[in-house]
Amino acid sequence: MSQDLKNSFQTIFDTSGSPRTFFAPGRVNLIGEHTDYNGGHVFPCALSIGTYALAEEREDRKFRMYSLNFENKGVIEFSLDDLSYEEAHDWANYPKGVIKEFADRGISIKKGMNVLFYGNIPNGAGLSSSASIELASAVLVNAFTNADLPMIEMVKLSQHAENEYIGVKSGIMDQFAIGMGKDQAAVLLNCQTLEYQYSPLELPYSVIVIANTNKRRTLADSKYNERREECERALKQLQSELSIEYLGDLSEEAFLQHQHLITNETDRKRARHAVLENQRTIKAVQLLRAGDMEGFGKLMNESHISLRDDYEVTGEELDAMAEAAWNEEGVIGSRMTGAGFGGCTVSIVKKSAVPSFLENVKKQYKKKTALEPEFYVVEVGSGARELTDDMEEL
Ligand code: GLA
């Protein structure tokens, strides 16, 4: 594949140059959903699938970009002298927003570039293909400008691009997992302080299976922003008696004692999810570290139920997929992952049960929804980086 991508690069940009290759993974969150912007904990890992970016500098100030995933959009061109958002630039607004972040920080980008993107994460499935493009772009610009920014800065600037340039008010989980992910480990991140700990994912007898509902995530961005507002309203009312900065600051007991302060019932349910999911995440990681996989799996299931009943971000398809998994022998835990409103579930499945899982979950899901699902048995990989030995890695 490495040679194929290089050939495509040379053909598309009509160059004989040899590009440098960069990679940023996708991510899957094992537990801790909709907690990041509530100052709570998340527990994601980076995947071995992701986005490749091949790049070479040009002699002028033009950026010319092409994605093998959006070939119908052709080569998208812009200049370093105008990095403003443009609807017509479609997917290229993600790298463009990141380039602008570097420029806004006073990092001098002297030359334009030809950049070819190729991603093997399914788009729009909730595995963070957009944060993956952002981080691939960040490591690329960092390398060519010799800016030497630490990874955590690139994580923050990518989130800033997503929030301000793209206009999706996401938390920091996706960019963090993709930037800071580590092979064979998930990362427990406190999204308030950005303190983090890697936790080895030693799963000798089981695997992580991602199931794509193939339900289009309609209205996902507006509903996402709506959930944020509901949590903010609930927090404000709690703050009338409690000195807390985020919902993530509350223990379950403190929440139960003060929940009456939240006058709107929907807001109260949203806040209950945010508080309990945070506590659940901390507990789940403790269980995993103690080798209690069954306990970890049970909390994954409870997480889904809370996202279904209190946060209301699952919907018929994700519920059908999770329920089908719960009915299967050899499933340790299963839940929706990412923002919800369609997208994927993540399940931990005993290796010996994988063939029957794939067959039966597919059958049950199709029967309920009439949609064709897709399954990926995934591997945990490392964070965004330049591939120096790309022949081996591609
Ligand atoms: C999306 C956002 C994340 C996080 C999740 C829900 O993936 O980008 O910041 O809020 O939803 O946990």
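Counting starts at 1 for both ligands and their atoms, in listed order.
- If you look at Tyr94 and Tyr165, their ring centroids are not closer than 6.0 Å.
- Atom 8 (O) of ligand 1 has as its closest protein heavy atom Asp174 OD2, 2.6 Å.
- Taking a cut-off of under 4.0 Å to the non-hydrogen atoms of Ser170, the atoms of ligand 1 that pass are 2 (C), 8 (O), 9 (O).
- Considering backbone and side-chain N/O of His34, one or more are found under 3.5 Å from N/O of ligand 1.
- Remark: ligand 1 atoms within the under-4.0 Å shell around heavy atoms of Tyr37 are 10 (O).
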* Could you check Glu294 against Lys298 for salt bridge (charged side-chain N to carboxylate O under 4.0 Å, His left out), going step by step and ending with a plain yes or no? => CA-CA 6 Å; Glu294 301 290 325; Lys298 243 177 105 208; over 6 Å; no
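- Contact annotation: for Arg27 versus ligand 1, heavy atoms closer than 4.0 Å belong to the side chain alone.
- Atom numbering of ligand 1 starts at 1 in the shown order; those under 4.0 Å from a heavy atom of Gly171 are 9 (O).
- Ring-plane geometry between His34 and Tyr311 is classed as tilted, the angle between the planes lying from 30 to 60 degrees on a 0 to 90 degree scale.
- Annotation: Tyr37 is in aromatic contact with Tyr224 [ring centroid separation under 6.0 Å].
- Protein heavy atom closest to atom 4 (C) of ligand 1, with residue, atom name and distance, is Asp36 OD2, 3.3 Å.
- The residues Glu372 and Lys362 are annotated as salt-bridged, a charged nitrogen and a carboxylate oxygen being separated by less than 4.0 angstrom.
- In terms of protein heavy-atom proximity, atom 5 (C) of ligand 1 is closest to Met173 CE, 3.7 Å.
- Leu247 places none of its side-chain heavy atoms less than 4.5 Å from the side chain of Thr35.
- Each of the following atoms of ligand 1 lies closer than 4.0 Å to a heavy atom of Gly338: 6 (C), 11 (O).
- With respect to atom 10 (O) of ligand 1, the closest heavy atom belonging to the protein is Tyr224 OH, 2.6 Å.
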* Asked: After noting the C-alpha distance and the side-chain angles of Asp183 and Ser382, does the key distance pass the side-chain hydrogen bond (donor to acceptor under 3.5 Å, both in side chains) rule?
  -> CA-CA 5 Å; Asp183 199 16; Ser382 309; 4.7 Å; no
